[in-house]
Protein chains: 2
Amino acid sequence: MAFTLEQLRGFVAVADELHFGRAAARLKMTQPPLSRQIQKLERAVGAQLLERDNRRVTLTAAGEVFLTEARRLLALADTAPEVARRVSSGSSGIVRIGFTAASTYGILGGLLNDLARELPDVDVDLAEMVTREQVAGLLDEEIDLGLARPPFDAESFGSRLLHREPMLVAARTGHRLLELGRPVTAADIGAEPVVMHSPTRARYFYDLVVGVVPVASENAVHVVSQVLTMLWLVAAGRGIAFVPASAARLPIEGVGFVRLATPVPEPVELHLLWARQSRNPALRRVLEVLERHTVSA
Amino acid sequence: MAFTLEQLRGFVAVADELHFGRAAARLKMTQPPLSRQIQKLERAVGAQLLERDNRRVTLTAAGEVFLTEARRLLALADTAPEVARRVSSGSSGIVRIGFTAASTYGILGGLLNDLARELPDVDVDLAEMVTREQVAGLLDEEIDLGLARPPFDAESFGSRLLHREPMLVAARTGHRLLELGRPVTAADIGAEPVVMHSPTRARYFYDLVVGVVPVASENAVHVVSQVLTMLWLVAAGRGIAFVPASAARLPIEGVGFVRLATPVPEPVELHLLWARQSRNPALRRVLEVLERHTVSA
DNA sequence: TTGATTGATACCTTGCCGGTATGGCGTTCA
DNA sequence: TGAACGCCATACCGGCAAGGTATCAATCAA
């Protein structure tokens, strides 16, 4: 037969007071049931815990070590519900965030700072993934929150526009386009070789660029999907590239930037994205915090 | 109102089976009282632990964390009588040691041998836990002694450097880095895909590696926290990994090791760690013995 | 639509827990 | 030295709560 937490409380009280009567009073009960509790506890443990010598009560050696065990058990039993409640209310927990590499250099830092300040007990796991992976990850609950670019299905996902930025042209230092002193237009580009976005893996940028510079696909010398790779290729003199403004923060030697003229001034959108079906309570709190989060451009 | 250990056992059984009927059978009771046990437990905890949707049962986020608390409580409740009985039958103390998985393959064995020889009347309980868990465990006296890596607070903890070892690069057999015949440097690694340490759960190694190989974070193909997992991923050809030398003792097929060049020759430290506040008398004696214990490299 | 599955509810019975009363034993004074 | 007191254990009783049986309600599969 196993012991109960009540018996432990009784034992700790008696061990504190070394007196059954006072211990019982502290537990707001009478002495006889307390005596029986202790007897049962000793039978369950299989060792004598207290020496009662009809005048005084003392702890045995076994009782001494069992007392620390009992205290630890009770402490754990008292705090465990608190832990669960905190998770349930979302004030503690884990939120897994997927993000595109490019968003790192824009707004992820400030966003994480806000979270750390307002929800210090929420752990954030970060995973770098492209938009398509994020969409899949949200659906099978691999991540809770995404930082991604359109398009995505408004039915299954909640989203919020987080950030807009202009499009830049990246070119090797000294390139003629950098000297224009004004935004670059499609006409300026002509037959310039272009490091192009992959139409499959970076479809968002691909569509955006093709909508502005119709000829671009003709001059593509490379097709890649990572902004960083593009800038390296630009630095290596392979051609020019179209990148979001936040890429200018990357410290790549030998690359300069100039604004690209677009119908919309800031066409590059980054959205917060989450699965409506998510049951992660921490996610709700995180969304509340990020609702108030504004992005400094 | 507080919960009982019986309710915890009920909850753990249901969480294991995700089925009230089977869980009840395992507990040798019928289903209705089990349902009520869980309801009472949820009221006592103050959070919903299980999602019952009349066809299937799932754990909520709060249930997930409460489950680990419940398991810990029950484990403690099961071992506590054992501890008391051992003392009752002559053992003079128990020391609980937390250790990281990696340290097992280095020095834990010899250390335990020393203890068994010099303090045969002290029982040793072992628990595998990461550094952060050890720090928490020491503070709430769940363990008495830790084998962990920096950093930790020198105010509340006593510590002693126990062991230093070099850092290795793990790569698939036949990999070019293994053929160099000399320690690997940051330049050798280049754009090699890397199985990286988690910056949150394996912060010590993360910081260590990032300090030596600045590009590592760019090429991270996986982020994990267990050395064994890293080696499996390396064996599967996912990339290379940075591991402490003791990991080379793990018998993983198809993985080779080569020294990583570091500013300090043996940068990986393992410390003995204990809470200054500890009142466990056996701990004092153990520390005296380990004071004389030296580690054969 | 119907039968099967599964968790919740209603109601009953019983066993356990705590209460009061009292006993046994030792200590303390007059 | 013995009477009174202090303290823990035991006996016995009553209420409550836990478990069992029967059944309901909801969902899913055929």
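Lettering follows sequence order; numbering is per chain, from 1.
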Per A:Pro32 side chain, nearest of listed nucleotides D:dA11, C:dG18, C:dA8: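 Nearest to the side chain of A:Pro32 among the choices is D:dA11.
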
Can you tell me how far [atom2] of [N] sits from [atom1] of [X], to the nearest Å?
{"X": "A:Ile38", "N": "C:dG18", "atom1": "CD1", "atom2": "C1'", "result": "15 Å"}
{"X": "B:Arg52", "N": "C:dA8", "atom1": "CZ", "atom2": "P", "result": "5 Å"}
{"X": "B:Glu51", "N": "C:dG7", "atom1": "CD", "atom2": "P", "result": "14 Å"}
{"X": "B:Leu41", "N": "D:dA17", "atom1": "CG", "atom2": "P", "result": "17 Å"}
{"X": "B:Arg22", "N": "C:dG7", "atom1": "CZ", "atom2": "C1'", "result": "13 Å"}
{"X": "A:Leu18", "N": "D:dC7", "atom1": "CG", "atom2": "P", "result": "13 Å"}
{"X": "A:Gln37", "N": "D:dA9", "atom1": "CD", "atom2": "P", "result": "13 Å"}
{"X": "A:Phe20", "N": "C:dG18", "atom1": "CZ", "atom2": "P", "result": "14 Å"}

Please confirm whether the shortest side-chain N or O distance from [X] to OP1 or OP2 of [N] is below 4.0 Å.
{"X": "B:Thr30", "N": "D:dG20", "answer": "yes"}
{"X": "B:Gln39", "N": "C:dT9", "answer": "yes"}
{"X": "B:His19", "N": "C:dG7", "answer": "yes"}
{"X": "B:Ser35", "N": "C:dA8", "answer": "yes"}
{"X": "A:Lys40", "N": "C:dC17", "answer": "yes"}

In terms of side-chain geometry, is the basic nitrogen of [X] or [Y] positioned less than 4.0 Å from the acidic oxygen of its partner?
{"X": "A:Glu69", "Y": "B:Arg96", "result": "yes"}
{"X": "A:Asp121", "Y": "A:Arg285", "result": "no"}
{"X": "B:Arg72", "Y": "B:Glu133", "result": "no"}

Ring centroid separation B:Phe11 to B:Phe66 under 6.0 Å: yes

B:Gln31 (side chain) and C:dA8 (base): donor-acceptor pair under 3.5 Å: yes

Sugar-phosphate, base or nothing in reach of A:Arg56, heavy atoms under 4.0 Å: nothing

5'-most by nearest nucleotide on DNA chain D - A:Arg36 or A:Val57: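 Looking at the nearest nucleotide for each, A:Val57 comes out on the 5' side.
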
Residue that, paired with B:Ser35, satisfies side-chain hydrogen bond (donor to acceptor under 3.5 Å, both in side chains) out of B:Gln31, B:Gln39, B:Gln37: B:Gln31

Most 5' of B:Pro33 and A:Gln7 on DNA chain C, judged by nearest nucleotide: B:Pro33

